[in-house]
Amino acid sequence: MIARRPRGPSGPGAGRGLRRRGAARAAFLLARAWAFFWASPWTFLGLVVALLMRAAGGHLRWTQGALEVSVRRFRPGRRCPFAALTLGHVVIGVDRAALARLRRHERVHVRQYERWGPLFVPLYLLASAWAWCRGRHPYLDNPFEIAARRDE
Ligand SMILES: [Zn+2]
């Protein structure tokens, strides 16, 4: 027996359902476009860093809503206190393994950029300064980092 694909809705309300889905899709695309635009000043800086790293032999890869950049030979150490850093929709990592290990954490930061846009870095730095003034750790006790660890 040949299975037929179910037909779409028919009848007087069918057009309304399709229009509603189309409107929901348009609203989703508009929200995504706004998120990219709002985060774009930091994404632009991230792209500059990405292109410099690419010129130095780095690897670029678009995955899960962000451009990941790594330089294989680069290792964290005294000169580099971080394994990955997010700038808008660009995630810079010391190597691909670090990018894979920290992907969920850094995607939380991407969403924070999408929410706060150009304000994100100043707010992040203020939050670190506030934590430090209260005798807390400026990185570990930064609320943006706490949220990233919680939501990763
Ligand atoms: Zn983080």
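All ligand and atom numbering here is 1-based and tracks the order in the structure. Numbering starts at 1 and runs along the sequence shown.
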Side-chain (W132) to main-chain (H137) donor-acceptor, under 3.5 angstrom: no
Heavy-atom neighbours of F36 CZ exceed 12 at 6.0 Å: yes
Identified side-chain contact (heavy atoms from CB on, under 4.5 Å) partner of T86 from the options I92, V108, L102, V91: V91
Test ring pair (Phe, Tyr, Trp, His ring centres under 6.0 Å) applied to W130 - qualifying residues, sequence neighbours left out: none
Near the Zn ion (ligand 1) (cut-off under 2.8 Å), count of protein N, O or S atoms: 4
Distance-only donor-acceptor check, side chains Y124 and Q112, under 3.5 Å: no
Shortest non-hydrogen contact between H89 and A39, atoms and distance: CE1-CB, 3.7 Å
